[in-house]
Amino acid sequence: MTEFQAKFDQAIWRTVSKIKPGRVMSYGQVARAAGFPRHARMVSKAMSRSVEPLPWYRVIRSDYTLAFEVGGVGYNKQRSKLEKEGVRFMGKKVVPVETDDSAGLDALLWGPTE
DNA sequence: CCCTTGACTATCT
DNA sequence: GAGATAGCCAAGG
């Protein structure tokens, strides 16, 4: 275990554990928030080194797709965990909360129906 | 040292 | 949208 990993891991774990259920963050965002910009590619390693369980499945790519091969074991596991928390998908992509129109688009376009 | 490897990203075609 | 390409950067061979 290098000294870099010791500090990096701590920062990443702290950041990932703060992601709220139903929300997601990209590898790049996590790295940046942890204080290590340009280290997106190392986030996954840090998470896999964690002994304590982390909401690793709430970390996805910047284009809102999952990092695992579609249909693969890892992909299915991550996706089901996310969906269980209410994260919705459109094809291969996660529907961002801010864009989730399930409850608000009609209201935005046509006004409240009540 | 040099080269390859990633649960990555931004930017072109 | 799907590829290709070029950056990115610590680790391990």
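Every chain is numbered from 1 and lettered A, B, ... according to where its sequence line falls, protein lines coming before strand lines. What's counted below: heavy atoms across the whole structure, side chains too, no hydrogens, waters or symmetry copies.
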Using a 4.0 Å heavy-atom cut-off, does [X] contact any base of the nucleic acid, only the sugar-phosphate backbone, or nothing at all?
| X | answer |
| --- | --- |
| Phe4(A) | sugar-phosphate |
| Gln5(A) | sugar-phosphate |
| Thr2(A) | sugar-phosphate |
| Lys77(A) | nothing |

> Taking all atoms of both residues into account, what is the closest heavy-atom pair of Val16(A) and Pro55(A), and its distance?
Replying inline: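 So the two residues come closest at O-CG, 3.4 Å.
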> Mind checking the P distance from dG13(C) to dA7(B)? Whole angstroms is fine.
Replying inline: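 Rounded to whole Å, the distance is 15 Å.
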>> Please tell me if Ser44(A) has a side-chain N or O lying less than 4.0 Å from either OP1 or OP2 of dC8(B).
In response: no
>> Taking 4.0 Å as the cut-off, does a side-chain nitrogen or oxygen of Ser62(A) come that near to OP1 or OP2 on dC8(B)?
In response: no
> Separation of His39(A) atom NE2 from dT5(B) atom P, in whole Å?
Replying inline: 21 Å
> Once you round it to whole Å, what is the distance between C1' of dG6(B) and CG of Leu66(A)?
Replying inline: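 These atoms are roughly 17 Å apart.
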> Want to settle it: does Lys92(A) or Arg38(A) sit nearer the 5' end of DNA chain C, counting the closest nucleotide to each?
Replying inline: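 Of the two residues, Lys92(A) wins.
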> For DNA chain C, which nucleotides open and close the run of contacts to chain A, 5' to 3', at under 4.0 angstrom from a non-hydrogen atom?
Replying inline: dG1(C) to dA11(C)
> Can a salt bridge be assigned to the pair Glu85(A) and Arg23(A) using a cut-off of 4.0 Å between side-chain N and carboxylate O?
Replying inline: no
>> Strictly distance-based, threshold 3.5 Å: is any side-chain N or O of Ser48(A) a donor or acceptor partner for the main-chain N or O of Lys45(A)?
In response: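 Pair found, side chain donor or acceptor close to backbone of Lys45(A).
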Determine, using the 4.5 Å side-chain heavy-atom cutoff (strictly less than), whether [X] and [Y] are members of one ILVMFWY cluster.
| X | Y | result |
| --- | --- | --- |
| Phe89(A) | Val70(A) | yes |
| Tyr75(A) | Tyr64(A) | yes |
| Phe4(A) | Val30(A) | yes |

>> On DNA chain B, does the nearest nucleotide to Val59(A) precede the nearest nucleotide to Arg32(A) from the 5' side, or the other way round? Give the residue.
In response: Val59(A)
> Relative to Tyr27(A), does Arg61(A) satisfy both conditions: NZ or CZ under 6.0 angstrom from the six-membered ring centre, and within 45 degrees of the ring's axis?
Replying inline: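 No, Arg61(A) does not lie over the aromatic ring of Tyr27(A).
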